[in-house]
Amino acid sequence: MSYMITDETKLIGIIGTPIKQSFSPKIHNRAFQYLNLNYIYIPFDVLQQDLPKAVEAMKSLSFRGFNVTMPHKREIMAYLDEVSEDARIIGAVNTVVNQNGKLVGYNTDGKGYVQSLEDEGIYVKDRTFVIAGAGGAARSVAVQLALDGAKKITILNRTIEKAHDIAQVIGKSIPNVHIEVNCLENKILAKTVEEADVLIHSTSLGMYSMRERSIIEDERILPSNLVVSDLIYNPAKTKLLQQAENRGCKTINGLGMLIGQAAIAFELWTEVAMPIGYIKSTVFMDEDEV
Ligand code: NAP
């Protein structure tokens, strides 16, 4: 990949640590190049204690914006001039836009997820969801589902306090949605998926380092009309998605969310739509996995 960097090249960054494994530079730089946009996206490994200096540097160097990833998604909020309503409810920011020196924070994870569902013909309004997991990804997704009019969301997690925490945040800001929480146990999961439209998996079980694992012991608990959505994109077909496929369920992996959250950020910075089809078909081309 070659770039012609000029004095007009607009700068975008991503800050986090570790940053080496991020797919974002590849996604955005490919899209800039494809559309012939004079932008460049640069990864920066920023330690927790260096966050304020890194934000100041971004401002001084007139970055158009940047992504924020672990472990800075919450702490970054203290250094921004403004935060969008959904990011405020979620309590985390993954995208910052520099509007002539004013830093505005957004969270595109939940919106990117909902967009990926809609791309598969699944609409949130009045649907019933079960979310397995209550980490950062689950929180963004749950808040967006609630904002978009989900009828009921049940959050199941190994550490139930974290599920309660998300339910409380949603209950305070978006009172119309019915939220339940429980432990992530097979009997409870079996009961809750019986009456759900979509099961969303957002734990780390099944990721490349734990690819033999699944939240489900016996796949017969999955009704064939259930949509099973796994936020994991590497591997592309997790054990859970294989179990769901065996039962005849519609399955969706996390690639759509990964590209969806990037596409929303891309448009916030450039005001141009990301070429999603092209990015989806090329981003993992030179990877061993997926
Ligand atoms: P996180 O904040 O670290 O949360 C991890 C979640 O996994 C927690 O609910 C945790 O439960 C659960 N968990 C971990 N080990 C477990 C085990 N052995 N048994 C049961 N539950 C376990 O991580 P995150 O950022 O939310 O990410 C969660 C998943 O979403 C990951 O697989 C990640 O790859 C995926 N993700 C995808 C995208 C995308 O764009 N597609 C974006 C972000 C994340 P406890 O609370 O009990 O520890």
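Counting begins at 1 with the first residue of the sequence. Remember, it's 1-based here, ligands and their atoms both numbered in the order they're listed. If you're wondering where the values come from, they're calculated on a predicted model, not measured in any experiment.
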Checking Ser24 against Asn67: is there a side-chain donor and acceptor pair closer than 3.5 Å?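 Judged by distance alone, the side chains do not pair up.
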
Donor-acceptor under 3.5 Å (Thr159 side chain, Glu161 main chain):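 Here the side-chain-to-backbone pair does not exist.
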
Assess whether a salt bridge exists between Arg158 and Glu185, defined as any Lys/Arg side-chain N lying under 4.0 Å from an Asp/Glu carboxylate O.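 Looking at Arg158 and Glu185, the cut-off is not met.
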
Would you please name every residue forming a side-chain contact (heavy atoms from CB on, under 4.5 Å) with [X], sequence neighbours left out?
| X | result |
| --- | --- |
| Arg247 | Glu219, Arg220, Leu222, Cys249 |
| Thr251 | Leu241, Ala244, Glu245 |
| Ala263 | Met274, Ile276 |

Could you pull out every protein residue that has a heavy atom closer than 4.0 Å to ligand 1, ordered by chain and then number?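 Within the 4.0 Å shell of ligand 1, which is judged on heavy atoms, sit Gly133, Ala134, Gly135, Gly136, Ala137, Asn157, Arg158, Thr159, Lys162, Ser202, Thr203, Ser204, Leu205, Met207, Leu231, Ile232, Tyr233, Gly254, Met257, Leu258.
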
